[in-house]
Amino acid sequence: MSGDRPGLSRFTLRTDPIVSDREAVRGLLERTGFFHGGEVEVAVELIEETLARGAEAGYRFLFAVGEGDSLLGFACFGQIPLTAASWDLYWIAVDPQGQNRGLGRALLEESERRILGEGGLRVFVDTSGRAQYQPTRAFYERCGYQLAATLADFYAPGDPKVVYCRRLGAGG
């Protein structure tokens, strides 16, 4: 897959993490200004675990790579343990200089296509209820995700966890 929509920069998708993705993802997430240090470290740990264990780690990645192998965005998803067909979208992030050009939607749609191809029927996404995350929540809603739950004071007092869900396939 490559970016060929109007306004979307050219990119290629890569599924297997490489060692340099640790720092590339760290830098991308830090540049967004949305994630604190602990959250960034979790994303890096998922890459490290996948580098060490391969598919057995249970995480799938999509890395959108531009000219000069620059990381433009990435997504990470995996089947929710002990479920028949439910998947989590753990991460989706686009470098701030590439946002609002369709790359996030392209990563999300390709993630969904791959999840469906592996038998997944529902995708869950967790995000924050803080005002800063309103554009993130609006993005998921524009992409067909429905509000499934709001858990008050989940991340911190006054910071609820907001869970979205989308059914895939013919019933989606």
Side-chain angles (χ1 to χ4, degrees), residues 1-79 87-118 120 123-128 130-145 162 164 166 168-169 172:
M1 176 181 187
S2 64
D4 54 6
R5 297 179 187 172
L8 188 60
S9 300
R10 299 291 300 165
F11 67 92
T12 58
L13 282 180
R14 175 171 45 82
T15 58
D16 294 324
I18 57 177
V19 172
S20 62
D21 287 329
R22 293 183 295 208
E23 291 310 311
V25 164
R26 181 188 313 278
L28 186 151
L29 292 175
E30 288 172 350
R31 286 190 300 278
T32 69
F34 275 68
F35 306 104
H36 62 70
E39 291 170 315
V40 172
E41 290 309 312
V42 167
V44 172
E45 286 173 12
L46 299 182
I47 292 169
E48 290 172 345
E49 186 170 347
T50 303
L51 286 168
R53 298 179 56 213
E56 184 180 305
Y59 303 110
R60 309 290 192 280
F61 286 92
L62 293 174
F63 297 95
V65 180
E67 289 184 31
D69 292 329
S70 62
L71 183 64
L72 304 175
F74 82 103
C76 176
F77 50 95
Q79 186 171 6
W87 288 62
D88 268 328
L89 178 66
Y90 298 115
W91 287 92
I92 187 167
V94 173
D95 190 277
Q97 292 186 335
Q99 291 178 0
N100 299 312
R101 296 184 179 157
L103 181 56
R105 183 179 289 268
L107 283 166
L108 183 61
E109 289 173 357
E110 183 63 14
S111 297
E112 292 170 346
R113 188 186 74 72
R114 290 170 185 255
I115 290 167
L116 188 60
E118 291 195 44
V123 179
F124 290 89
V125 178
D126 300 350
T127 191
S128 171
R130 291 191 333 246
Q132 176 186 15
Y133 284 82
Q134 179 53 42
T136 302
R137 295 189 302 273
F139 167 76
Y140 290 125
E141 291 167 8
R142 283 191 311 272
C143 292
Y145 283 73
V162 180
Y164 286 94
R166 179 156 190 233
L168 302 179

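All heavy atoms count here, side chains included; hydrogens, waters and symmetry mates do not. When a residue number appears, it is its place in the shown sequence, counting from 1. Computed from a predicted structure; not experimentally measured.
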> Please report the interatomic distance CG(L89) to OH(Y164), rounded to the nearest 0.5 Å.
13.5 Å
> Side-chain polar contacts of residues 33-47 - donor-acceptor pairs under 3.5 angstrom, sequence neighbours left out - could you list them?
unit_1: H36; atom_1: ND1; unit_2: G38; atom_2: N; d: 3.1
unit_1: H36; atom_1: ND1; unit_2: E39; atom_2: N; d: 3.4
unit_1: E39; atom_1: OE1; unit_2: H36; atom_2: N; d: 2.8
unit_1: E41; atom_1: OE1; unit_2: R26; atom_2: NH1; d: 3.4
unit_1: E41; atom_1: OE2; unit_2: R26; atom_2: NH1; d: 2.1

> Quick check: do L107 and F11 have side-chain heavy atoms less than 4.5 Å from each other?
no
> Taking only residues two or more places apart in sequence, or in another chain, which ones meet D126 in a salt bridge (Lys or Arg N to Asp or Glu O under 4.0 Å)?
K161
> Where is the tightest heavy-atom contact between P17 and L51, given as atom of each residue plus distance?
O-CD2, 3.3 Å
> Which pair of non-hydrogen atoms, one from D16 and one from R14, has the smallest distance, and what is that distance?
O-NH1, 2.9 Å
> Which pair of heavy atoms, one from E112 and one from L168, lies closest together, and at what distance?
O-CD1, 3.7 Å
> Could you walk me through whether L108 and F139 pass the side-chain contact (heavy atoms from CB on, under 4.5 Å) test, one step at a time?
CA-CA 10 Å; L108 183 61; F139 167 76; 4.0 Å; yes
> Hey, is the main chain of E109 close enough, under 3.5 Å, to the side chain of R113 for a donor-acceptor pair?
no
> Is any side-chain heavy atom of R105 closer than 4.5 Å to one of R142?
yes
> Return the minimal non-hydrogen interatomic distance between R137 and R130, and the atom names on each side.
NH1-O, 3.0 Å
> Taking only Lys NZ, Arg NE, NH1 and NH2, and the carboxylate oxygens of Asp or Glu, determine whether R114 and E110 approach each other closer than 4.0 Å.
yes
> Are N100 and V94 close enough that some pair of their side-chain heavy atoms sits under 4.5 Å apart?
no
> Measure across T136 and T127 and return the closest heavy-atom pair with its distance rounded to 0.1 Å.
CG2-OG1, 3.7 Å
> Please answer whether the main-chain N or O of Q97 pairs with a side-chain N or O of D95 as donor and acceptor at a distance below 3.5 Å.
yes
> What heavy-atom pair brings F77 and S111 nearest, and what distance separates the two atoms?
CE2-OG, 3.4 Å
> Side chains of L29 and W91: does their closest heavy-atom pair fall under 4.5 Å?
yes
> Can you give each donor-acceptor pair under 3.5 Å made by side-chain atoms of residues 59-73, sequence neighbours left out, with the distance rounded to 0.1 Å?
unit_1: R60; atom_1: NE; unit_2: E118; atom_2: OE2; d: 3.1
unit_1: R60; atom_1: NH2; unit_2: E118; atom_2: OE1; d: 2.9
unit_1: S70; atom_1: OG; unit_2: E67; atom_2: O; d: 3.1

